[in-house]
Amino acid sequence: MDELELLKKDWKNNNAQFKQVSENEIYGMLHKSSSSIVKWILIICIAEFLFWGFINLLIPDSFFAIYEKLHLKTLLQASYALHYTIVIVFIYLFYKNYKSIQVTDSTNVLMQNILNTRKTVRYFVYYNVGMTIAFSIAIDTYLYNNSEKLYEVMGLAKQGIPKEGFANIFIISQIIVGFIIIALLILFYWLVYGILLKKLKGNYRELKKINS
């Protein structure tokens, strides 16, 4: 942004003709920068989708066997299918935002596209965090209420693990793991999408100055 800042400084200090030239150049840089940021949002979203899909492929069949015995396999598969469908919809929206910004030739339209992109990213983050929390609560509640069945399915008696207190220990460990996962997820979104949204917000403010 050093070149952009230099143009802004010269824009203020020179005559009206140069002001118009600098305004166009600044708009071009902001347009290019915004387009690049939205492209990276799209790329990161696709990479995240592929990453979690690859992780799910690595999950051993024994994991799903346990859920099948607990009558949760169908629910788990349905939730995965719904989640990936929703993520694909978000990927499409990010792609649509990117294509819209690419062909933008108006300051007002570009500002609106930036706002739309920021809104889409926020909804995407809210969905992922909210879905993770809701899914964890639902599964943990079910497993806690069926802790005796879970104890049998996991064959813990053969491992010498006492049945007494198992439910409480299980739910406490699940809550701790859940908090860690959600905290890491929020941290990831804050570091990655947060930085990109901050840059988009900065571009929006500069465009607003040009448009005023």
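All figures in this text were calculated on a predicted structure; none of them were measured in a lab.
Other residues, nucleotides and ligands place no more than 12 heavy atoms under 6.0 Å from the OH atom of Tyr123. Heavy-atom neighbours of Tyr95 OH from other residues, nucleotides or ligands within 6.0 Å: at or below the threshold of 12. No more than 12 heavy-atom neighbours from other residues, nucleotides or ligands sit within 6.0 angstrom of CZ on Arg205. Surrounding OH of Tyr84 are more than 12 heavy atoms belonging to other residues, nucleotides or ligands, all under 6.0 Å away. Heavy-atom neighbours of Tyr80 OH from other residues, nucleotides or ligands within 6.0 Å: above the threshold of 12.
Under a hydrophobic clustering in which Ile, Leu, Val, Met, Phe, Trp and Tyr are joined whenever their side-chain heavy atoms come within less than 4.5 Å, directly or via other members, Leu110 and Leu115 fall into the same cluster. If you chain together hydrophobic residues whose side chains sit under 4.5 Å apart, Val121 and Ile86 fall into the same group. Hydrophobic clustering (side-chain heavy atoms under 4.5 Å, transitive across Ile, Leu, Val, Met, Phe, Trp, Tyr) keeps Ile55 apart from Ile181. One hydrophobic cluster holds both Ile88 and Tyr126 under the rule that ILVMFWY side chains link at heavy-atom gaps under 4.5 Å. Cluster membership check: Tyr98 shares its hydrophobic cluster with Leu50, using side-chain heavy-atom separations under 4.5 Å among Ile, Leu, Val, Met, Phe, Trp and Tyr.
Annotation: the span from Leu93 atom CG to Ile41 atom CD1 amounts to 12.5 Å, rounded to 0.5 Å. In this structure, Lys198 NZ and Trp190 CH2 are separated by 8.5 Å, a value rounded to the nearest 0.5 Å. Atom CG of Leu70 and atom CG of Asn146 lie 7.0 Å apart (nearest 0.5 Å). Distance check, rounded to the nearest 0.5 Å: OH of Tyr92 to SG of Cys45 gives 14.5 Å. Rounding to the nearest 0.5 angstrom, the gap separating the CD1 atom in Ile43 from the CD atom in Glu48 is 14.0 Å. Put simply, CG on Leu75 and NZ on Lys73 are 13.0 Å apart, with the number rounded to the nearest 0.5 Å.
In this structure, Tyr204 contributes its side chain and Lys199 its backbone to no donor-acceptor pair below 3.5 Å. Without hydrogens or angle criteria, Thr141 side chain to Ile137 main chain gives a donor-acceptor distance under 3.5 Å. A donor-acceptor contact shorter than 3.5 Å links the side chain of Arg118 to the backbone of Leu197.
Between Phe166 and Glu148 there is no side-chain heavy-atom pair separated by less than 4.5 Å. Residues Leu143 and Ile171 are not in side-chain contact: their nearest non-hydrogen atoms beyond the backbone lie 4.5 Å or more apart. Taking the side chain as every heavy atom from C-beta outward, Phe188 and Leu184 never approach each other to under 4.5 Å. Side-chain contact between Phe170 and Ser147 is absent, with no heavy atoms from C-beta onward closer than 4.5 Å. Using a 4.5 Å cut-off on side-chain heavy atoms (C-beta onward), Val38 and Asn113 make no contact. With a 4.5 Å cut-off on side-chain heavy atoms, Tyr144 and Asp140 do not count as touching. Using a 4.5 Å heavy-atom threshold, the side chains of Tyr189 and Phe124 count as touching. The shortest side-chain heavy-atom distance between Leu196 and Ile44 falls under the 4.5 Å cut-off.
The minimum heavy-atom distance linking Leu42 with Ile91 is given by the pair CD1-O, 3.6 Å. Contact detail for Ser79 and Phe135: the closest heavy-atom pair is OG-CE1, 3.5 Å. In terms of heavy-atom proximity, Tyr27 sits nearest to Ser106 at OH-N, 3.3 Å. The shortest non-hydrogen separation linking Ile101 to His31 is O-NE2, 2.5 Å. Annotation for Asn128 and Thr132: closest pair O-OG1, 2.7 Å, computed over non-hydrogen atoms. Between Ile114 and Ser34 the shortest heavy-atom distance is CD1-OG, 3.5 Å.
Side chains of Gln112 and Asn116: a donor-acceptor N/O pair is present below 3.5 angstrom, by distance only. Tyr127 and His83 are linked by a side-chain donor-acceptor pair at a separation below 3.5 angstrom, with hydrogens and angles left out of the test. For Asn203 and Ser33, the side-chain atoms include at least one donor-acceptor pair closer than 3.5 Å.
Ring orientation note: the planes of Phe94 and Tyr193 are close to parallel, at an angle under 30° on the 30°/60° scale.
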Stepwise side-chain contact (heavy atoms from CB on, under 4.5 Å) check, Lys32 with Met29:
CA-CA 5 Å; Lys32 183 178 179 181; Met29 288 183 179; 5.7 Å; no

Can Ile180 and Val177 be said to form a side-chain contact (heavy atoms from CB on, under 4.5 Å), step by step?
CA-CA 5 Å; Ile180 293 174; Val177 171; 5.6 Å; no

